[in-house]
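Below is one structure; the comments refer to it alone.
Both counts, for ligands and for their atoms, begin at 1 and track the order of listing.
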Amino acid sequence: MRKGILTIAAVGLLTTGGLTACGDDSGDKAASAKTPKIGVILPDSKSSARWETADRRFLEEAFKAAGVQYDIQNAQNDKTAFQTIADQMITGGVTALMIVNLDSGTGKAVLDKAKSQGVATIDYDRLTLGGSAQYYVSFDNETVGKLQGEGLTKCLTEKGAKNPVVAYLNGSPTDNNATLFKAGYDSVLKPKFDAKEYVKGPEDAVPAWDNAQAATIFEQQLTKANGKIDGVLAANDGLGNAAISILKKNKLNGKVPVTGQDASTEGLQNILAGDQCMTVYKAVREEAKAASDLAIALAKGEKKGTGQTVKDGDRDVPSVLLTPKAIYKDSVKDVIADGYVTKEEVCTAAYTKFCAEAGIS
Ligand code: BGC
């Protein structure tokens with residue numbers, strides 16, 4: 001899995017800029033300017049397809065466009081490996097380290113170590129609670145959850161559901177994003193439970209967003225609810241697909257709306273087939289570009305303003321929070337038009353018909 005540092009002729013670094021110093025640039029560049037070399041640690045390749053298919057691709061695209069050296073590795077959900085990779089990157093001379101933590105404790109250890117060695121740090125996508133990253137780059141994750149809650153409501157209404165029982169498949173309990181997603185969908189659904197318009201069904205968090213475990217958990221939820229689950233708030237497409245696989249076994253797919261997130265190929269196909277209500281598209285290209293710009297600025301000793309902060313305890317973390325978008329059957333084409341997935345990937349054999357129906361030509 002290890003990918004070597006890409007070596008780029010030094011002259012390229014001077015000519016391929018594209019990065020403009022920002023208004024409140026206040027760093028003492030001369031003292032700390034270094035040739036940027038960026039290390040990225042992705043969390044795994046199973047909790048969501050995005051890390052390998054989108055994040056790696058768009059981070060590479062951003063680093064190559066800026067002409068900087070980089071090393072992107074994947075910890076494969078192994079906290080010890082995560083720390084080893086970080087140590088190797090620091091020893092290897094990275095100027096900035098971008099991490100997607102596996103939990104806040106191990107993330108903090110890595111960030112603190114990097115900081116003590118003068119390496120700039122960025123929390124990429126997931127905020128490390130109690131951490132020390134200089135920037136946090138992500139999406140507005142509470143809004144992600146809100147879009148999921150609203151999406152489920154829309155699909156339940158369309159199905160004419162009366163007092164629907166709604167089950168929750170939350171994300172990993174160690175991922176701060178999962179907490180934010182839940183805060184978002186609770187803000188929409190809890191008032192409906194309180195008003196007895198909807199009935200709160202079983203709720204479980206899925207450790208490490210493990211898709212296989214999610215299927216087992218959902219099967220137990222369905223049994224516990226005597227087969228009476230009318231809607232599933234699944235926190236991402238992988239968990240949604242796990243629920244759909246169990247619904248299929250019980251001939252309930254298509255009848256019970258399921259949510260998702262990440263606009264994965266599988267999620268989009270489930271939407272087109274009518275088995276999934278919606279997904280949330282996060283334009284990872286923009287996330288990767290924002291993080292890459294900040295990492296390069298930090299290496300140059302510049303302090304870029306982000307215009308926004310996020311609270312982590314008492315600390316205000318300078319943040320870039322991008323806007324997520326809800327995707328339904330009729331907007332799957334927008335994700336394709338944005339270059340996130342291709343028509344060829346989505347519209348394979350069994351889905352050609354659905355693609356045509358959804359106006360994907
Ligand atoms: C990310 C999601 C992803 C999940 C599982 C979250 O932190 O924001 O996009 O689906 O982790 O990898």
Discussion item. Tell me whether Lys115 at atom NZ has more than 12 heavy atoms from other residues, nucleotides or ligands lying less than 6.0 Å away.
Written reply: no
Worksheet item: When the ring planes of Phe193 and Tyr168 are compared, do they come out parallel, tilted or perpendicular, using 30° and 60° as the limits?
Response: tilted
Electrostatic pair [X]-[Y], nearest N-O below 4.0 angstrom:
X: Lys325; Y: Asp338; result: no
X: Asp186; Y: Lys190; result: no
X: Glu142; Y: Lys146; result: no

Discussion item. One pair to check against salt bridge (Lys or Arg N to Asp or Glu O under 4.0 Å): Asp87 and Lys113. What are the steps and the verdict?
Written reply: CA-CA 8 Å; Asp87 287 343; Lys113 191 168 202 174; 2.9 Å; yes
Worksheet entry | Residue shell around ligand 1, heavy atom under 4.0 angstrom | Ser47, Ser48, Arg50, Trp51, Asp125, Arg126, Asp175, Asn177, Phe181, Trp209, Asn236, Gln261, Asp262, Lys282
